[in-house]
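The structure appears right after this line, and notes come after that.
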Amino acid sequence: MVELALQPLKESDEVTPERIRKIIDRHEGALGGLIAILEGVQAQFGYLSEKALGIVAQETGRSLVDIYGVANFYQSFSLKPRGKHLVSVCVGTACHVRGAPAIVSEFEQRLGIEVDETTEDKEFTLKTVNCLGACALGPVAVIDGHYFSKLKKSDIEKLRHDAQEGFDRAGDEEDRRIFPVDVGCPFCNHSFMDSGFYINGRPSIRVTVSFGDKHGWFRMSSLYGRYDIFSEYEIPVDTVSHFFCPHCHAELIGSWECPMCSAPMVPMIVRGGGTIRICSRSGCTGSDGHMLDLR
Amino acid sequence: MINLTINGLKTSVEDGSTVLEAAQFLGFPIPTLCHMEGLEPYGACRLCLVEIGKAPNTKLVSSCTYPAQEGLVVRTASSRVLKARKMVIELLLASCPQSKVIQDIASAHAVNQQRFKQEHEDCILCGLCVRMCKEQMMAGAIGFRGRGENRSLGTPFDVKSEECRFCGGCMYVCPACQLRCTFNEPEKAICGGCQNLSPPCVEEEKFDDMMCYMAPCVACEIDKA
Ligand code: SF4
Ligand code: SF4
Ligand code: SF4
Ligand code: FES
Ligand code: FES
């Protein structure tokens with residue numbers, strides 16, 4: 001089944017010690033694990049609530065004030081609930097000179113909120129950042145993971161509208177449930193597309209899979225919505241496997257959990273924007289299926 | 001043992017000593033603010049700057065955090081050190097002129113005015129209270145939040161901390177805290193107004209176990225009487 005994952009996940013996602021324990025177990029050990037744990041908590045619950053941090057403190061045996069200090073130091077952590085769409089406007093030096101302040105105030109007006117606030121309908125959160133590394137294209141803003149360059153005040157209203165529609169769908173009248181995607185490694189950016197092996201008449205997506213003592217190739221259909229897979233070794237049902245990039249050999253893992261079975265999700269980037277995540281558990285309903293993250 | 005030279009004087013100190021400890025051992029005065037025996041060095045205030053190395057490649061380092069090294073050459077009162085120290089004192093005065101501790105340091109170094117924009121901060125972010133609370137009181141109730149100019153001190157989420165047991169250790173060490181009562185040393189008391197107050201601690205039951213830093217406290221004495 002195809003599931004659209006919009007962040008933050010549903011509000012029914014209650015923060016419980018058990019769920020947080022699970023996230024912590026995945027990053028067991030070294031002191032350095034704290035950031036990964038907090039990323040995991042934020043990915044699952046959308047933000048870091050007081051309750052969640054309290055549980056992390058209790059479970060890891062660290063003092064709350066240390067954890068709070070870390071959570072509060074990094075821009076990417078949010079201690080307040082975030083809206084469905086995250087708008088980050090660059091106010092770095094280059095963008096500032098090119099008119100970022102006007103872009104910020106236009107967003108503020110259009111959304112009716114100030115920086116670091118969330119609209120009442122929980123649709124938008126507005127933030128500023130201090131350089132996105134795209135200075136020559138300034139003023140720059142990132143909305144739900146999509147970059148927009150050389151912004152003018154007159155662009156903003158359309159962006160707001162498109163963001164709400166979902167950028168991948170905006171301008172696309174038919175609802176095509178099955179369409180081809182080109183994906184690659186989120187770490188080295190190499191393509192996973194294998195034109196030496198076709199599935200459903202399209203080059204297949206090839207990665208490396210590892211479970212138990214087995215280590216081999218894994219291919220799947222690049223038609224979003226089709227779940228045909230081929231694997232060098234048959235993966236027993238209910239096995240959580242590790243997936244690797246065949247080029248840089250990095251493990252394909254992020255801080256997301258399958259919303260159905262809580263196994264880690266395998267991230268891949270889509271050419272042209274967006275990410276796809278598949279569940280790493282074979283046989284899970286989220287498995288074989290692609291998760292299209294509309295950010 | 002480590003051999004080093006301070007202001008031309010050769011000395012040897014134990015492994016793991018800091019330059020500050022070595023200098024104090026020899027009796028060279030180095031002013032400090034964020035340093036306190038029994039707490040981990042933190043290096044926040046920069047008041048304890050000294051010059052190390054041989055000319056022309058010398059540099060300024062904070063002596064409270066700099067480990068003594070074999071063959072190190074240290075000057076604690078070179079003109080470069082004095083100039084930098086004066087600047088640090090001026091900056092401290094600019095941020096928190098109402099602090100008695102900072103005023104005393106300034107007057108001891110004959111700094112009578114400062115050239116920066118005058119602020120009146122409640123906190124100079126020296127971290128003494130955080131270390132006190134964590135390392136000596138084993139509470140870990142307070143800490144730093146945020147960064148850059150938004151860095152501030154307090155409890156997580158700004159709500160009363162479950163860990164805090166009102167020991168007063170944080171106020172006791174704070175060089176800026178205006179809440180700190182000085183009546184525990186009568187000759188330093190400012191107004192004695194606290195004699196009429198009932199602080200939260202006296203309503204606590206196990207006051208004796210709290211290791212209160214305010215002792216002898218006027219309120220306690222009244223309570224006992
Ligand atoms: S009163 Fe004691 S326990 Fe409470 S914050 Fe201060 S040092 Fe920590
Ligand atoms: S509250 Fe006082 S002791 Fe704590 S960091 Fe600020 S100035 Fe230092
Ligand atoms: S009454 Fe005691 S605790 Fe209160 S401020 Fe005075 S000395 Fe401190
Ligand atoms: S300043 Fe905006 S991208 Fe660098
Ligand atoms: S006493 Fe060394 S930096 Fe403050």
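In what follows, chains are A, B, ... by sequence order, proteins preceding strands, each numbered from 1. Only this structure's heavy atoms are used, side chains among them; waters, hydrogens and symmetry mates stay out.
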Is the [atom1] atom of [X] crowded by more than 12 outside heavy atoms at less than 6.0 Å?
| X | atom1 | result |
| --- | --- | --- |
| B:E162 | CD | no |
| B:E14 | CD | no |
| A:H96 | NE2 | no |
| A:F187 | CZ | yes |
| A:Y74 | OH | no |
| B:Q118 | CD | yes |

- Task: Among B:P156, B:G148, B:G143, B:S161, single out the residue with the greatest number of heavy-atom pairs under 4.5 Å to chain A.
- Result: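 Max contact count across the listed options: B:P156.
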- Given side chains that start at C-beta, do those of A:V65 and B:K134 come closer than 4.5 Å, heavy atoms only?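 No - every pair of side-chain heavy atoms lies 4.5 Å or more apart.
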- Message: I want to check something: taking the side chain as every heavy atom from C-beta on, are A:E50 and B:V159 in contact at a cut-off of under 4.5 Å?
- Response: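 Contact flag for A:E50/B:V159 side chains = yes.
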- How far does CZ of B:F157 sit from CG of A:L48, to the nearest 0.5 angstrom?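 So the CZ of B:F157 and the CG of A:L48 are separated by 7.5 Å.
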- Part of A:L53 within contact of chain B (heavy atom distance under 4.5 Å):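 Just its side chain gets close to chain B.
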- Heavy atoms only: give me the nearest B:G140-A:S63 pair and the separation to one decimal.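 In terms of heavy atoms, the two residues are closest at O-CB, 4.0 Å.
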- Message: With a 4.5 angstrom heavy-atom cut-off, is it the side chain or the backbone of B:F144 that approaches chain A, or both, or neither?
- Response: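 It is the backbone, since no side chain atom gets that close.
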